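Quick notes on the structure that follows.
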Amino acid sequence: KPDFLRRHWRNAFKLTGMGEHFPEVFSHAPEAIAGFTARVRDVLNFAPDIRYRTPGGTDLAVDLSASKDMTVIDGIQGDDMVPGEAATFTEKIAGHVEFEGTFLCLIPFATKYGLVSRGALSFDIVAGRVENLGGENQELAADLGKHFARHPDNNSVDEVGFGTNLGVTR
């Protein structure tokens, strides 16, 4: 997995909804987060698939049967990232996303758009690729469309992450 991430980091683009939860992220001991993250990783390593639905309208199906090994970000193993995630790669992801949160990527979308509110951005994921950008913020959808058009891999979903930070509960 690390070799895969190094080869594809130039296309790194992560959607995250941390925003107002920042103080909560560091409210639990790293050992507690690491233990929970390891348990989630172990369960996901044996799960053939997972369905993710939210009250806001997101509905994703993720086939984990052919995914890469889970990577954990637990805050103990020298990671410089916020602790609390088990992640993998699979092209077998499909569904609809009603995005709410912020961007963490090489292109300054977060600087321009800040915290994206519910309804501002939606898209479909078909066979691991983002399609049908829409939502109330047409400028944001257009900017993402420009980014996706620049390279054939820019619209691929290269990581599926499962949040495991015990402090983030809402």
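The structure displayed is predicted, hence computed values, not measured ones.
- Looking only at side-chain heavy atoms (C-beta outward), Ile93 and Val160 come within less than 4.5 Å of each other.
- To the nearest 0.5 angstrom, Leu133 atom CG is 12.5 Å from Lys146 atom NZ.
- The OG1 atom of Thr71 lies 7.5 Å from the CD atom of Glu159; values are rounded to the nearest 0.5 Å.
- Look at Arg129 and Asp153 and you find a salt bridge, because one of the NZ, NE, NH1 or NH2 atoms lies within 4.0 Å of a carboxylate O, short of that distance.
- No more than 12 heavy atoms of other residues, nucleotides or ligands sit less than 6.0 Å from atom CD of Glu91.
- Here the side chains of Val157 and Phe89 are not in contact, with every heavy-atom distance at 4.5 Å or above.
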Listed pairs under 3.5 Å, donor-acceptor, residues 120-128 side chains, sequence neighbours left out:
{"unit_1": "Asp124", "atom_1": "OD1", "unit_2": "His96", "atom_2": "ND1", "d": "2.7"}
{"unit_1": "Asp124", "atom_1": "OD2", "unit_2": "Asn132", "atom_2": "ND2", "d": "2.8"}

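- Partners of Asp59 by salt bridge (Lys or Arg N to Asp or Glu O under 4.0 Å), not counting sequence neighbours, listed by chain and number: Arg51, Arg53.
- Counting only residues at least two apart or on different chains, the side chain to side chain donor-acceptor pair (under 3.5 Å) pairs with a member in residues 26-50 are Thr37-Thr164.
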Residue pair Val116, Leu140: steps toward the side chain to side chain contact (heavy atoms under 4.5 Å, CB included) verdict
CA-CA 9 Å; Val116 177; Leu140 171 56; 4.0 Å; yes
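- Atoms CG and CZ, on Leu64 and Phe46 in that order, are 12.5 Å from each other to the nearest 0.5 Å.
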Pair Phe36-Asp74, side chain to side chain contact (heavy atoms under 4.5 Å, CB included): steps then yes or no:
CA-CA 9 Å; Phe36 182 66; Asp74 61 12; over 6 Å; no
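- By the 4.5 Å heavy-atom criterion applied to side chains, Val97 and Leu60 are counted as neighbours.
- Val130 has its side chain within reach of Phe148: a pair of non-hydrogen atoms, C-beta onward, lies under 4.5 Å apart.
- Annotation: the span from Ile33 atom CD1 to Glu85 atom CD amounts to 12.5 Å, rounded to 0.5 Å.
- Taking every heavy atom of both residues into account, Pro152 and Asn155 meet most closely at O-OD1, 3.3 Å.
- Here the CG atom belonging to Leu144 is positioned 9.0 Å from the CZ atom belonging to Phe99, to the nearest 0.5 angstrom.
- A donor-acceptor pair under 3.5 Å links the side-chain atoms of Thr88 to the main chain of Lys68, judged by distance alone.
- Counting only distance, with no hydrogens or angles, the side chain of Thr90 and the backbone of Lys92 share a donor-acceptor pair below 3.5 Å.
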Pair Tyr52-Val62, side chain to side chain contact (heavy atoms under 4.5 Å, CB included): steps then yes or no
CA-CA 8 Å; Tyr52 180 76; Val62 182; 5.8 Å; no
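- Listed here is the closest heavy atom pair of Ala86 and Leu44: CB-CD1, 4.5 Å.
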